[in-house]
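Before any comments, here is the structure.
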Amino acid sequence: MTSDLKQRKYDKVFERFDADHDGRIDQSDITALAEKWRQALGATPGSPEAARLTKLASDMWAGVQQHTDKDFDSAISRDEWAAAAEDPQFVDKVAVPFALAAFDAADGDNDGKISREEMAQAQTQGGMSESESEAAFDKLDSDHDGYVSRKEFAAAVKEFYLSDDPSAAGTELAGSL
Ligand SMILES: [Ca+2]
Ligand SMILES: [Ca+2]
Ligand SMILES: [Ca+2]
Ligand SMILES: [Ca+2]
């Protein structure tokens, strides 16, 4: 049973990834996603950092398609997305990998953690204000060690998808990555 809040969250995520708004997520949207990350993080086109972001996006896309693209047309339709969202494995197999790719993109120094600076750079370029980015960081850094770990981030993503509480930490992600 999918609540209205969950349905809205799933719809919002679909719309975020469907960059050209044609109602399907396909390779062109993933290319646009990698380009958005590249601009947000200030990587030069053709640089190793830009190549790293492109690879992150395509690896994630390959994994996500396996669990969503049931008719093998290399695109996720809204119906396929809605069907996948009903699968108990959706969060682990689709939503978390999608979100962790964005996490790894923001982790510019590749130490497996997001510092306050890395978060600010990724998010303020993405349209978040500095204070919104600070607030999101504080919620995500649940052990308050000054870094958001992959584990903390994955936990927040799961909370975002599975919780019906609009004030849960993961809900911050809806306005961020
Ligand atoms: Ca599209
Ligand atoms: Ca399809
Ligand atoms: Ca880092
Ligand atoms: Ca932490």
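In listed order, ligands and their atoms are each counted from 1.
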- Query: When you look at R116 and D138, which way does the salt bridge (Lys or Arg N to Asp or Glu O under 4.0 Å) test go after all the steps?
  - Reply: CA-CA 9 Å; R116 208 168 270 279; D138 289 335; 2.8 Å; yes
- Note on the structure: For the Ca ion (ligand 2) the protein N, O or S atom count under 3.0 Å stands at 6
- Measure from NZ or CZ of K9 to the centre of the six-membered ring of Y161 and say whether it is under 6.0 Å with the direction within 45° of the ring axis. no
Name of the [X] N, O or S atom nearest the Ca ion (ligand 1)?
{"X": "D29", "result": "OD2"}
{"X": "D22", "result": "OD1"}
{"X": "D18", "result": "OD1"}

- Hey, is the Ca ion (ligand 1) within less than 3.0 Å of some N/O/S atom on D20? yes
- Applied to residues 98-113, the side-chain hydrogen bond (donor to acceptor under 3.5 Å, both in side chains) test, sequence neighbours excluded, yields D104-R150
Using distance only, find each side-chain donor-acceptor pair of residues 88-101 under 3.5 Å and give its atom names and separation, not counting sequence neighbours.
residue: D92; atom: OD1; partner: K158; partner atom: NZ; Å: 2.9

- Check which protein N, O or S atoms are less than 3.0 Å from the Ca ion (ligand 4) and report how many there are. 6
- Message: Looking at Y147, I want to see if its OH is surrounded by more than 12 non-hydrogen atoms of other residues, nucleotides or ligands under 6.0 Å.
- Response: no
- Query: Hey, is the main chain of D143 close enough, under 3.5 Å, to the side chain of E152 for a donor-acceptor pair?
  - Reply: yes
- Going from CD1 on I25 to CH2 on W61, what distance comes out if it is rounded to the nearest 0.5 angstrom? 6.5 Å
- Inter-residue atom distance E15.CD - Y10.OH, 0.5 Å rounding: 15.0 Å
- Query: With a 3.5 Å cut-off and no angle check, do the side chains of S28 and D26 form a donor-acceptor pair?
  - Reply: yes
- Query: Do E117 and Q121 have side-chain atoms, one donor and one acceptor, less than 3.5 Å apart?
  - Reply: no
- Does a salt bridge link E134 with K139, judged by any charged N lying under 4.0 Å from a carboxylate O? no
